[in-house]
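One structure is given below, encoded as structure tokens.
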Amino acid sequence: MKHHCANEMAFLLLLWYFFTISDYVKSVARFHDIVNQKPLYCTLKNPGSTGRTIATSLSLYGKSGSKSQNIEIMKRIALINILVIGMLAVEAQDRITGHSFATRSEVIAQHGMAATSHPLATQVAIDILKMGGTAVDAAIAANATLGLMEPTGCGVGGDLFAMVWDAKTQKLYGLNASGRSPKSLTLDYFKEKGMDRIPSFGPLPVTVPGAVDGWFELHKKFGSLPMSTILAPAIEYATEGFPVSELIAYYLQRSARILGKYPNFKETYMPGGRMPAKGEIFRNPYLADTYQKIAQGGRDAFYKGDIAQTIASYVGEQGGFLSYDDLATHASEWVEPVSTNYRGYDVWELPPNGQGIATLQILNILEGFDIAAMGFGSADYLHHFIEAKKIAYEDRAHHYADMQHESVPLERLISKEYAAERRALLNPDRAARTLEPGSMDTPSTVYLTVADRDGNMVSLIQSNYRGMGSGMTPPGLGFVLQDRGEGFNLKEGYLNTYAPGKRPFHTIIPGFITKDGKPYISFGVMGGGMQPQGHVQIVVNIIDFGMNLQEAGDAPRVQHIGSSEPTGEHMTDGGTVLLETGFQWETIRNLMEKGHRVQWDLGGYGGYQAIMRDNDTGVYYGASESRKDGQAAGY
């Protein structure tokens, strides 16, 4: 007869006893009480595997309690103790300075800095800076390179958002380069098909890709080198090839299982019928040709030329609605970044249709508590963070939308007065199961950051959505179209309800911090609904807990999932807390006692890059975390 763990708490309790190596007999007696001399089977839920479970069997006990069997039991427990402690020793690093969880020191340089999720893209950015290019020139070059080398996160088939600190005007600028829904696709179409949400893949979620127009808008305002020079490194790598990195190889394999059925996907990404493995050389001559046309013909080569015709024809053949006219009439929008002051630091985000202001709402709620006194990794801090997130995400689900189409109560949402009202909903002792949005008086992404010798700084994020996007791969172009249309709500009466020519709710958000009107940190944390949560944790780690730029990203993270969503879902069970390795057992236990459901996740904690400027010396500090294959470098 199998003994099943009632929840993860029991499994952690058993591991706790495994660590008690000073008294094996006592441990055996306690295990005996827990499992009643039966083999232990513990089921752990895996949020990333659509409800499937992982069953772990630890057969420690025999049928009788003889002396010889008890000795054998103690040997098994001792072996497990050695293995567990050995694994912890492998994971740990004996840092001479700073926190033990830091993977390295910050990178420090005087003339320029780049931090991206791929070392070769970082080197491309540094090369552009050394040629005299601006931070924007280097950011575009790195983004183009990432579109080739990390197609599992970004590409010219996706959208782009950016904030730029301009040293000349001493001002922070914001660009929304997200695309709109097809003008010929109506809400009635989905009703007639009986669909309650837009599918994740295929032609229906495809919206206009805004990244290329974003490049040229940024370049026109802040660039210096010609686009032919800026795109040359990516063109060369696409033609000659590059070795695939470990993490990208892993995500390519996963994407192939989902997207390989769509026309032209295999032809573009699976030479020889399979995805390239780690270290294998991959070439994308189709993308090289696309980049070359863009370099020579500008943004119109993408939105009004042969490329646009190919995209529109392909999508139409697949049963989609994106047209040549949708592409030809696309335009990005320069927007004013918005901010809140958190303990003396101004934290900046872009206004909706993105989710950046959720970061500001969470910080406004947390500012009313003494977070520093709670301590990093404590159950009190994590509980307050999780509950503040739940509260802010109710507003995110109901009040965030395309501001060119809807009246979003932006000023109220990010005001201190509204935060005080919402803070009253936070119970310090108990996890909320369900919440409502506040009342209004009025109705897998890549992140990179670059700074140059003149003090210009760029915070840029770019994405296909769901890794490689919709699976729609136009012939001969070398990229996949995004599936951002999935972010619409198909229920009527919501700000984010689908409409033709409208920008969907967006998850990708660049971040920026200023201090006393001067640039301080350009940063971002990629990863869907994790992004505002990641931004908050970075800010809190630096400001409340005194971590340096690298430590702030390496510190173990928490993600809460299951909140109400802009696509129409409503939280009724309090959601689930996902904890990364590194939190103490007491913390996990205390969170459970407060009513939180605690689980683990594989790779759901985002990816961080950051650059900090010391305005007294002009020195830059760079950071790139170990969760990705990235690198920060300077010169």
Side-chain angles (χ1 to χ4, degrees), residues 48 117 150 152-155 157-163 174-181 197-198 200-201 205-207 209-211 214 335 349-362 389 392-403 408 444-448 459-470 481-489 494-496 498 502-511 523-538 557 559-569 575 578 601 603-609:
S117 52
E150 197 170 338
T152 54
C154 70
D159 285 341
L160 177 153
F161 292 80
M163 283 191 280
L175 180 68
N176 180 336
S178 62
R180 297 162 179 83
S181 58
R197 64 176 299 141
I198 298 176
S200 302
F201 308 107
V206 174
T207 53
V335 298
E349 299 284 349
L350 296 181
N353 55 314
Q355 61 176 341
I357 63 170
T359 300
L360 309 184
Q361 288 192 253
I362 297 170
K389 178 265 183 183
Y393 271 47
E394 286 300 322
D395 289 330
R396 170 181 173 268
H398 290 82
H399 301 306
Y400 295 14
D402 183 358
M403 293 181 66
V408 176
S444 266
T445 303
V446 298
Y447 173 81
L448 62 94
S459 179
L460 185 151
I461 194 160
Q462 204 261 304
S463 171
N464 304 317
Y465 196 49
R466 289 198 178 274
M468 294 190 77
S470 65
L481 293 166
Q482 65 182 358
D483 47 0
R484 281 290 169 184
E486 185 189 355
F488 281 115
N489 189 342
Y494 290 84
L495 294 188
N496 189 46
Y498 178 86
K502 184 177 180 179
R503 294 177 296 193
F505 168 80
H506 234 289
T507 57
I508 61 175
I509 54 172
F523 75 105
V525 180
M526 58 195 100
M530 173 66 190
Q531 293 183 48
Q533 301 180 64
H535 281 208
V536 170
Q537 289 175 73
I538 296 300
R557 292 192 194 130
Q559 180 182 190
H560 177 269
I561 60 173
S563 286
S564 300
E565 291 291 339
T567 46
E569 297 84 358
L578 305 177
D601 191 25
Y605 303 98
Y608 160 81
Q609 322 288 336

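Bear in mind that the values here come from a model prediction, so they are computed numbers and not experimental data.
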What I'd like to find out is whether the side chain of [X] reaches to under 4.5 Å of the side chain of [Y], using heavy atoms alone.
X: Q361; Y: D395; answer: yes
X: Y608; Y: I538; answer: yes
X: R557; Y: L578; answer: no
X: I461; Y: L160; answer: no
X: I357; Y: P352; answer: yes
X: I509; Y: T359; answer: yes
X: M530; Y: Q537; answer: yes
X: Q533; Y: K389; answer: yes

What pair of heavy atoms forms the shortest contact from [X] to [Y], and how long is it?
X: T445; Y: M526; value: O-SD, 3.0 Å
X: S463; Y: I508; value: CB-CG2, 3.5 Å
X: G511; Y: Y447; value: O-OH, 4.2 Å
X: Q559; Y: Y605; value: N-CE2, 4.2 Å

message = Checking Y465 against S200 for the side-chain hydrogen bond (donor to acceptor under 3.5 Å, both in side chains) test, could you report, in this order, the C-alpha distance in whole Å, the side-chain angles of both residues, the deciding distance, and whether it holds?
response = CA-CA 9 Å; Y465 196 49; S200 302; over 6 Å; no

Between [atom1] on residue [X] and [atom2] on residue [Y], distance to nearest 0.5 Å:
X: M468; Y: E150; atom1: CE; atom2: CD; result: 11.0 Å
X: S178; Y: Q462; atom1: OG; atom2: CD; result: 12.0 Å
X: L350; Y: S459; atom1: CG; atom2: OG; result: 8.5 Å

task = Mind telling me whether F161 and H506 have parallel, tilted or perpendicular rings, with 30° and 60° as the class edges?
result = perpendicular

query = How are the rings of F488 and Y498 set to each other: parallel, tilted or perpendicular (split at 30° and 60°)?
reply = perpendicular

remark   = By side chain to side chain donor-acceptor pair (under 3.5 Å), Q355 pairs with (sequence neighbours left out) R396

request  = Go through the structure and list residues passing side chain to side chain donor-acceptor pair (under 3.5 Å) with Q482, not counting sequence neighbours.
outcome  = D159, T207

request  = Report the C-alpha distance between S117 and Q609 in whole Å, list the side-chain angles of each, state the deciding distance to 0.1 Å, and finish with yes or no for side-chain hydrogen bond (donor to acceptor under 3.5 Å, both in side chains).
outcome  = CA-CA 7 Å; S117 52; Q609 322 288 336; 4.9 Å; no

inquiry  = Set out, in order, the CA-CA distance, both residues' side-chain angles and the distance that settles side-chain hydrogen bond (donor to acceptor under 3.5 Å, both in side chains) for R484 and S470, then state yes or no.
reply    = CA-CA 8 Å; R484 281 290 169 184; S470 65; over 6 Å; no

No-hydrogen, no-angle side-chain donor-acceptor test under 3.5 Å, [X] and [Y]:
X: H399; Y: E394; value: no
X: E569; Y: T567; value: yes
X: S181; Y: R503; value: no

query = Sub-3.5 Å donor-acceptor pair from the side chain of N496 to the main-chain atoms of G487, do we have one?
reply = yes

ask   = Can you check whether P504's main-chain N or O pairs, donor with acceptor, with N353's side chain at less than 3.5 Å?
value = yes

request  = For this output row, return yes or no: ring centroids of Y393 and H560 closer than 6.0 angstrom.
outcome  = no

task = Could you give me the CA-CA distance, side-chain angles and deciding distance for N464 and D483, then say whether side-chain hydrogen bond (donor to acceptor under 3.5 Å, both in side chains) is met?
result = CA-CA 7 Å; N464 304 317; D483 47 0; over 6 Å; no

message = Please evaluate residues E486 and F201 with respect to the criterion side-chain contact (heavy atoms from CB on, under 4.5 Å), reporting the C-alpha separation (whole Å), side-chain torsions for both, the decisive distance (0.1 Å), and the verdict.
response = CA-CA 9 Å; E486 185 189 355; F201 308 107; over 6 Å; no

